[in-house]
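Just so you know, these numbers use all the heavy atoms, side chains as well, and skip hydrogens, waters and symmetry mates. Lettering follows sequence order; numbering is per chain, from 1.
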2 protein chains.
Amino acid sequence: MSGSRPFANALELLRGASLRPTRQRLALARLLFDKGDRHVTAEQLHGEAVAAAVPVSLATVYNTLHQFIGAGLLREVVVNPGRSYFDTNVSDHHHFFIEESGKLVDIPGDHIAVANVPAPPAGTAIRRVDVIIRVEREPV
Amino acid sequence: MSGSRPFANALELLRGASLRPTRQRLALARLLFDKGDRHVTAEQLHGEAVAAAVPVSLATVYNTLHQFIGAGLLREVVVNPGRSYFDTNVSDHHHFFIEESGKLVDIPGDHIAVANVPAPPAGTAIRRVDVIIRVEREPV
DNA sequence: CGGCTAGTTTAGAGCCATTCTAATCTATTG
DNA sequence: CAATAGATTAGAATGGCTCTAAACTAGCCG
C-alpha cells in the first residue's frame, strides 16, 4: 500500500470527501481501497461490483470515480487512447506500462529522478510530471 | 526542426517507407513535414487537407497516420483519453502539455534527464520512456 | 415515526474519436 | 493498355464515456 490512508475505512473516506455514503459509493470505495494499490478501468470496477452483487450502473461508476479523483482519493493515468486507468495510489510515483497486457506497474517516486526540467511555458505552472515507461515482451 | 530527415521530400519519404506515393499520401506528408515539428490530431490534419483542396477522407487520414507511425516517420503522443496527437518529431524528446488549450510543447531530450530507472518487470524490455509535464495557467 | 428536499442513481439515448466494410478507384507491372 | 495488388472511400459500426430526465434515498425537521 501507499500507506497514505492508514485505518481509513470506506465510510470515513467518503465523509472526509463530503460525499454521502450511499450503498454504491461505499461498495466501490471498498473494492478500490481494501486491497492495496490498484489500477482499474471503469468497466473492470463495474464488473467487480456486479460480481459482488452490488447493483450499480456504469454511469454511477464513472460519476464516483470522478468524484474520488476530485477528492484526491484517486488519480487518472492516461497511457492509451480511448481508455482511462484509475490508480488508487495517489502518492508521488510513476509507471511501467506493459502494452500487450495493458497492465500498469508502479514505480515509487523515489526510485526515479527527473532532472533538468526546463521552465514551463510563460504563464504556466507545473501541475504534475508523469513518467510512463513503455515496455514490451523481451525479444528472445 | 528535428533535423532527422534533411532534404527528404515527400516522395522520397514515401519511397523509403515502401508506401505508394498516392495523391493523398503525398499531400498529407507535405502538410505534416514541410513546416517543422508539429503536433496534430487526425481531425486537424484532415481539416488542413480539405482546406488545401486535397480530397481525402478521414479514414484515409487515419490509415496514413498509422502507416507513417509504422515507418517511424511519426510518433503518437497520448496525453488525453479519447484523442490522439501525432508528433512529427521522432527524435528523443518529451512534452509539456497545456491542459486548457490542449497544446503540446516539445522538450528536447537533452534538456531533461530521467535517472535511476529501475529494471523493467521480468521478461520485458524498455521500448520508450515518455515524460509528460502537465501544466496549467499560472494561478494569479 | 412520516414527510421533505437536496443529492444520488439509473436506463437509455447520445456523442465523438476511431475503425471496419465492401465497393470503387488507381499506381504499377508486364 | 490490361491486369491486379494496393489504396481510397462513404457510410455503418464500435467502444468508451457523458448526458438527460425520471425514480430513488440519505439526512433532516417536526
Taking only nitrogen or oxygen atoms into account, show me every contact under 3.5 Å that the protein makes with nucleotides 3-7 of chain D, one pair per line with its distance.
unit_1 : atom_1 : unit_2  : atom_2 : d
D/dG6  : O4'    : B/Arg20 : NH2    : 3.2
D/dA7  : OP1    : B/Arg25 : NH2    : 2.5

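- Between the side chain of A/Glu100 and the backbone N or O of A/Arg137 there is at least one donor-acceptor pair closer than 3.5 Å.
- With rounding to whole Å, A/Arg23 atom CZ is found 12 Å from D/dG27 atom P.
- Helix-axis bend for the helix from C/dC1-D/dG30 to C/dG30-D/dC1: the local axis fitted to the five terminal pairs at one end deviates from that at the other end by 10°, rounded to 10°.
- By the side-chain contact (heavy atoms from CB on, under 4.5 Å) test, A/Ala42 is found to be paired with A/Val61, A/Tyr62, A/Leu65, A/Phe86, residues two or more places apart in sequence or in another chain being considered.
- Following rounding to the nearest Å, A/Arg15 (CZ) and C/dG7 (P) show an atom-to-atom distance of 17 Å.
- Using a 4.5 Å heavy-atom cutoff, the side chains of B/Ile133 and B/Val135 are in contact.
- Residues A/Arg20 and A/Arg25 share a closest heavy-atom pair of O-NE, 3.1 Å.
- Between the side chain of A/Gln24 and the main chain of A/Thr60, no donor-acceptor pair closer than 3.5 Å is present.
- Using a 4.5 Å heavy-atom cutoff, the side chains of B/Arg75 and B/Asp130 are in contact.
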Could I get a table of every N or O pair under 3.5 Å where one atom is in the protein and the other is in nucleotides 18-23 of chain C?
unit_1 : atom_1 : unit_2  : atom_2 : d
C/dT18 : OP1    : B/Ser84 : N      : 2.8
C/dT18 : OP2    : B/Tyr62 : OH     : 2.2
C/dT18 : O5'    : B/Tyr62 : OH     : 3.0

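- Among the nucleotides C/dA27, C/dT10, D/dT8, the one closest to the side chain of A/Ser57 is C/dT10.
- Counting heavy atoms of neighbouring residues, nucleotides and ligands inside a 6.0 Å radius, atom CZ of A/Arg23 does not exceed 12 of them.
- Distance A/Gln44 CD to D/dG15 C1': 16 Å, rounded to the nearest Å.
- With sequence neighbours excluded, the residues that form a salt bridge (charged side-chain N to carboxylate O under 4.0 Å, His left out) with B/Arg127 are A/Glu99.
- Atom CG of A/Asn63 is separated from atom P of D/dT20 by 13 Å (rounded to the nearest Å).
- A donor-acceptor contact shorter than 3.5 Å links the side chain of B/Thr88 to the backbone of B/Arg38.
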Under 3.5 Å, sequence neighbours excluded: what are the donor-acceptor pairs made by side chains of residues 104-116 of chain A?
unit_1   : atom_1 : unit_2  : atom_2 : d
A/Asp106 : OD1    : A/His39 : NE2    : 2.7
A/Asp106 : OD1    : A/His93 : NE2    : 3.4
A/Asp106 : OD1    : A/His95 : NE2    : 3.1
A/Asp106 : OD2    : A/Asn89 : ND2    : 3.1

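- The aromatic rings of A/Tyr85 and A/Phe97 lie perpendicular to each other, with more than 60° between the two planes, well past the 30° mark.
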